Amino acid sequence: MASFDQKLAMAKRCSHEGVIAGAKAAVLATIATAIPTVASARMVPWAKAHLNHTAQALIVSTVAGAAYFIVADKTILKTARRNSFNDTQN
């Protein structure tokens, strides 16, 4: 049976892996969203008339935040599930 310190260290490692994966996903989502958002705001007449800089930033930051939390959550759950199966096999 794992001690409390081992469980705490494992939880910190799971959280750290989630943060790293979430940050990578947020960077990728920011790039993937910013390019078409800015391009459409300059070229599409409707977007040019209705999407000011604040709206563009809101679109990009919302997608980046969603990507971060979704990927971080999935990574933490995957790591915790993997570790719980490893504990039962010992």
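For reference, positions follow the sequence shown, starting with 1. Just so you know, these numbers come straight off a predicted model, no measurement behind them.
How far CG of Leu51 is from CG of Leu58: 10.0 Å, rounded to the nearest 0.5 Å. The distance from the NZ atom of Lys78 to the SG atom of Cys14 is 11.0 Å, given to the nearest 0.5 Å. Rounded to the nearest 0.5 angstrom, Ile59 CD1 and Ser40 OG are separated by 7.0 Å.
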N/O donor-acceptor pairs under 3.5 Å from side chains in residues 63-72, not counting sequence neighbours:
none

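Closest of all the heavy-atom pairs between Ile76 and Gly18 is CG1-CA, 3.9 Å. When all heavy atoms of Arg82 and Arg13 are compared, the pair lying nearest together is NH2-NH1, 4.4 Å.
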**Message:** The test is side chain to side chain contact (heavy atoms under 4.5 Å, CB included); show your working for Lys12 and Leu8 and say whether it passes.
**Reply:** CA-CA 6 Å; Lys12 285 182 181 180; Leu8 186 62; 4.2 Å; yes
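Side-chain atoms of Thr79 and Glu17 include a donor-acceptor pair closer than 3.5 Å.
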